[in-house]
Amino acid sequence: MQTKLATSVGITLDRFIKKKQNDFAFASGELSQLLRDIALAGKIIHREVNRAGLLNIGGAYGTENVQGEEQQKLDVIANIRFIRALKNGGEVCAIVSEEDDEILDLNNKDGRYIVSMDPLDGSSNIDVNVSIGTIFSIFRRVSPVGSKVTNEDVLQKGSEQVAAGYLLYGSSTMLVYTTGRGVNGFTYDPSLGEFFLSHADMKIPEDGKIYSINEGSYRSLEPKVQQYIENCKDKKYTARYIGSLVADFHRNLLKGGIYIYPSTDKAPNGKLRLNYECNALAMICEQAGGLATDGKNRILDIQPESLHQRVPFYTGSKKMVEEAMK
Ligand code: AHG
Ligand code: MN
Ligand code: MN
Ligand code: MN
């Protein structure tokens, strides 16, 4: 039977946000505007990513970030673009970014929101034309509007997120986000400059047969994780590791699977950062029916102690994460 292609154009992101606006806990339109600001920045990064090879914006920028990583030009460009879009949008008072050591106070006195972001995830894949992404978490500030942004504002548990999501610059560019009432995916149509709803109410399969882990560090993994990998091989599961968290996560969300970045000898607390990688994907995963832990505790319950804190990250299909934690 011929699969019916979606010929009708879906609802735009703008229309969807308007339709759903009353669902937001603080339905004042500010969060809607903030989501639009993020979508705008995503469109700009889509354009830069798709022309990187032509504009000589590939390769290293020549500086190191607080993580000790060599920043790629697109890391820096994406960071600047998101900061500018969120500053101009006016809803955000401060940003925590993978690419900045300290809190970025945007001096938006009326801004009620904090954004924690990984402006470009999967930097090692930029120059080899493999999917990369952006990850963002949105919190309401806890200190009084107009006052100086505090550590308390930016070190909130993931369970306090009012929204979270990611952009995936892949064979198509997608925006996937949640405001705590399910997960919806939008596909960008560059010819129209719009995101259209393409994946409504996304749910991750309860079980799966795909495991994503960098087996290069196998020898330094704790026995429990080594055993889990062996079990996956015994069951003839599929190994898939793109090296861009957003891409691996998105595939597992659609097909079922587990992504693990455990403690390794080089990264005793894992490599991924709680504030702007794990929290956002943990909220998405739970909203889609999956799990996200550090191997023992629910990611969203972890109280952050520092801006760039790393945690081991196990996320994906409920049954697979439960199995990996046994
Ligand atoms: P980023 O590019 O934002 O620093 O994140 C890279 C992360 C994640 O995207 C990916 O899954 C992981 O690093 C890959 O790490 P390894 O190369 O150590 O496997
Ligand atoms: Mn990085
Ligand atoms: Mn990242
Ligand atoms: Mn990054």
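Each ligand, and each atom within it, is numbered from 1 in the order the structure gives.
- Other residues sharing the hydrophobic cluster of V145, ordered by chain and number and joined by side-chain separations under 4.5 Å: none, the residue standing alone.
- E277 contributes OE2 as its N, O or S atom closest to the Mn ion (ligand 3).
- Both tests hold for R140 against Y113: distance to the six-membered ring centre under 6.0 Å, angle to the ring axis within 45°.
- Within the protein, the number of N/O/S atoms found under 2.8 Å from the Mn ion (ligand 2) is 2.
- In the model, E99 has a side-chain atom that pairs as donor or acceptor with a side-chain atom of Q71 under 3.5 Å.
- Within the hydrophobic cluster formed by Ile, Leu, Val, Met, Phe, Trp and Tyr side chains joined at under 4.5 Å, directly or through other members, I80 is accompanied by Y61, V76.
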Discussion item. Before you tell me yes or no, could you show the steps for E277 and Y166 under side chain to side chain donor-acceptor pair (under 3.5 Å), namely the whole-Å CA-CA distance, both residues' side-chain angles and the distance that decides it to 0.1 Å?
Written reply: CA-CA 9 Å; E277 288 171 310; Y166 58 83; over 6 Å; no

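- Annotation for R298: atom CZ counts as buried by contact number, over 12 foreign heavy atoms lying within 6.0 Å.
- Counting non-hydrogen atoms of neighbouring residues, nucleotides and ligands closer than 6.0 angstrom, the CZ atom of R47 exceeds 12 such neighbours.
- Under the 4.0 Å criterion applied to side-chain N and carboxylate O atoms, E215 and K233 are assigned as salt-bridge partners.
- Proximity of a side-chain donor or acceptor of N275 to a complementary backbone N or O of Q156 within less than 3.5 Å is not detected.
- Residues lining ligand 1 at a heavy-atom distance below 4.0 Å are given as E69, E98, D118, L120, D121, G122, S123, N214, Y241, G243, S244, L245, Y259, Y261, K271, L272, R273, E277, ordered by chain and residue number.
- Within 6.0 Å of NZ in K148 there are 12 or fewer heavy atoms belonging to other residues, nucleotides or ligands.
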